[in-house]
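Here the structure is laid out as structure tokens; the discussion comes afterwards.
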Amino acid sequence: MSSVDKLIRKPEGVRTFIKRPDGTDLHCIAVGEGPAVVLAHGIFNELRCFNLVLEQLLTRQVRIILFDQRGHGQSSIGADGLGSYQMAGDYKAVLEHFDVKDGILVGYSMGAFLAVVLAEHYPQVVEARLRAMLLVSGHAGIVAKGSLQNQLQIPLIRVGLMPLILSSKWLGRLFIRTLFGKVAQEEHVEVTRAILAANSKKDRVSLVDFQVRENHYPALGQIKVPTTVVCGEQDRTCPRWHSERLGAEIPDARNVWLPDVGHAVVYEAPEIIDREVGLLVS
């Protein structure tokens with residue numbers, strides 16, 4: 001098995017589909033025993049993006065729960081469509097379905113944004129089911145502000161050109177390379193390109209729009225669980241100011257800064273996610 005095949009494979013574990021009231025089916029995988037660690041991926045990605053993180057976490061005594069966000073991977077889109085409130089409700093459904101108690105929610109990129117929305121709209125669920133959150137390469141809205149990369153690429157997504165770019169290995173890898181920091185391994189770039197190409201269809205434009213339009217920073221003070229904010233210092237997709245605000249305005253938060261790392265922390269520094277989870281479960 002090549003390194004790319006290994007990285008892009010579906011993780012092993014118990015597979016479940018959670019049926020949401022609007023008809024959405026959420027594809028989930030659970031593996032291991034112990035305190036629950038829920039992994040939520042970013043826009044146009046899938047649970048497979050956590051394969052390197054999963055490899056690290058499997059050495060711990062934890063129960064790892066991964067799921068495809070609605071409209072991604074093997075999860076469908078129900079009648080309520082794609083929106084931050086609907087998708088935060090999916091988080092609630094995952095936590096309740098697996099009866100998570102004293103768990104850790106790890107949100108990556110859009111996954112971190114939706115964790116903030118979850119805490120805003122369902123604070124009682126967060127307080128009852130989570131001991132902590134880990135927000136990786138994240139933000140709380142207005143994601144185009146201060147990001148030239150987003151200001152350039154969002155129009156390409158809106159007019160439907162992104163799938164064409166990503167389907168080309170040359171152009172796609174050139175674009176994906178901008179998500180990484182100082183060093184990017186070719187197999188990590190190729191796996192990211194292949195996964196994003198499969199999920200960046202034109203009907204997913206609303207995923208971009210709500211992250212650009214909505215501003216949930218005023219709600220950060222409502223988050224009542226300890227939160228760790230991890231940011232690559234070369235992140236051009238969710239620039240440093242997002243993590244600075246998350247760290248400063250969430251009452252019990254701390255920042256972890258990664259020199260030379262870009263947005264793709266799940267590939268560039270999976271050991272840091274593992275380390276921070278270990279600190280939170282200990």
Side-chain angles (χ1 to χ4, degrees), residues 11-18 20 26-42 47 49-69 87-138 140 216 219-230 243 246-247 249-256 265-266 270-282:
E12 296 181 0
V14 178
R15 299 180 187 277
T16 306
F17 282 89
I18 301 173
R20 301 286 287 124
L26 294 175
H27 172 234
C28 309
I29 296 177
V31 59
E33 296 293 335
V37 179
V38 181
L39 305 178
H41 66 77
L47 57 78
C49 78
F50 287 112
N51 276 352
L52 288 176
V53 175
L54 182 62
E55 190 176 275
Q56 302 257 344
L57 289 176
L58 284 173
T59 65
R60 299 186 180 277
Q61 296 299 311
V62 294
R63 185 186 192 199
I64 306 157
I65 300 165
L66 310 97
F67 69 101
D68 288 328
Q69 306 270 11
M87 296 173 81
D90 294 340
Y91 282 38
K92 176 176 179 288
V94 170
L95 294 173
E96 292 175 343
H97 176 86
F98 289 100
D99 194 23
V100 171
K101 295 173 182 174
D102 206 28
I104 296 168
L105 175 59
V106 180
Y108 168 54
S109 192
M110 181 186 72
F113 167 80
L114 292 170
V116 171
V117 180
L118 171 74
E120 179 181 359
H121 291 289
Y122 301 103
Q124 71 284 0
V125 173
V126 169
E127 292 184 54
R129 297 194 175 273
L130 298 179
R131 74 163 68 176
M133 297 198 302
L134 180 58
L135 307 181
V136 181
S137 305
H216 296 272
L220 293 181
Q222 301 176 25
I223 297 177
K224 303 301 183 185
V225 295
T227 302
T228 303
V229 181
V230 177
S243 289
L246 292 172
E249 298 178 30
I250 295 173
D252 187 3
R254 68 183 184 91
N255 287 94
V256 176
V265 175
V266 293
E271 72 282 359
I272 300 300
I273 298 175
D274 172 64
R275 183 192 74 190
E276 295 302 322
V277 167
L279 292 172
L280 292 171
V281 298
S282 61

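Residue numbers count from 1 along this sequence. In what follows, every heavy atom counts, from backbone to side chain, and hydrogens, waters and symmetry copies are set aside.
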Contact between [X] and [Y] at the side-chain level, heavy atoms closer than 4.5 Å - yes or no?
X	Y	result
Val106	Val38	no
Val31	Pro11	no
Leu105	Leu134	no
Glu276	Glu271	no
Val94	Leu26	yes
Val126	Lys224	no
Met133	Ile223	yes

By salt bridge (charged side-chain N to carboxylate O under 4.0 Å, His left out), Arg63 pairs with (sequence neighbours left out) none

Partner residues of Asp274 under the salt bridge (charged side-chain N to carboxylate O under 4.0 Å, His left out) criterion, sequence neighbours left out: Arg60

Are Lys101 and Asp99 close enough, and set up right, to give a salt bridge (charged side-chain N to carboxylate O under 4.0 Å, His left out), and what steps lead you there? CA-CA 6 Å; Lys101 295 173 182 174; Asp99 194 23; 3.6 Å; yes

Donor-acceptor contact present, side-chain [X] to main-chain [Y], <3.5 Å:
X	Y	answer
Asp252	Val225	no
Arg129	Val100	yes
Arg131	Leu280	yes
Thr228	Pro226	no
Asn255	Val230	no

Measure the spacing between [atom1] of [X] and [atom2] of [Y] and express it to the nearest 0.5 Å.
X	Y	atom1	atom2	value
Met87	Leu114	CE	CG	5.0 Å
Ile104	Ile65	CD1	CD1	11.5 Å
Leu118	Leu95	CG	CG	6.5 Å
Ser109	Leu135	OG	CG	11.5 Å
Leu130	Asp102	CG	CG	9.0 Å
His97	Lys92	NE2	NZ	14.0 Å

Ring center gap for His41 and Tyr108 short of 6.0 angstrom: no

When every non-hydrogen atom of Ala30 is compared with those of Phe98, the smallest separation belongs to CB-CE2, 3.9 Å

If I compare all heavy atoms of Pro251 with all of Leu220, which pair ends up nearest, and what's the gap? CD-O, 3.5 Å

Contacts of type side chain to side chain donor-acceptor pair (under 3.5 Å), residue Tyr91, not counting sequence neighbours: Gln69

Applying side chain to side chain donor-acceptor pair (under 3.5 Å), can you list everything that pairs with Glu55, at least two apart in sequence or on another chain? none

What residues, two or more places apart in sequence or in another chain, satisfy side chain to side chain contact (heavy atoms under 4.5 Å, CB included) together with Arg275?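 If we apply the side chain to side chain contact (heavy atoms under 4.5 Å, CB included) test to Arg275, skipping adjacent residues, the hits are Val256, Ile272.
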
side-chain hydrogen bond (donor to acceptor under 3.5 Å, both in side chains): pairs with one or both residues in residues 113-126, sequence neighbours excluded: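 Matches after skipping sequence neighbours: Tyr85-Tyr122, Glu120-His216.
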
Residues Asp90, Arg20; criterion side-chain contact (heavy atoms from CB on, under 4.5 Å); working and verdict: CA-CA 8 Å; Asp90 294 340; Arg20 301 286 287 124; 2.7 Å; yes

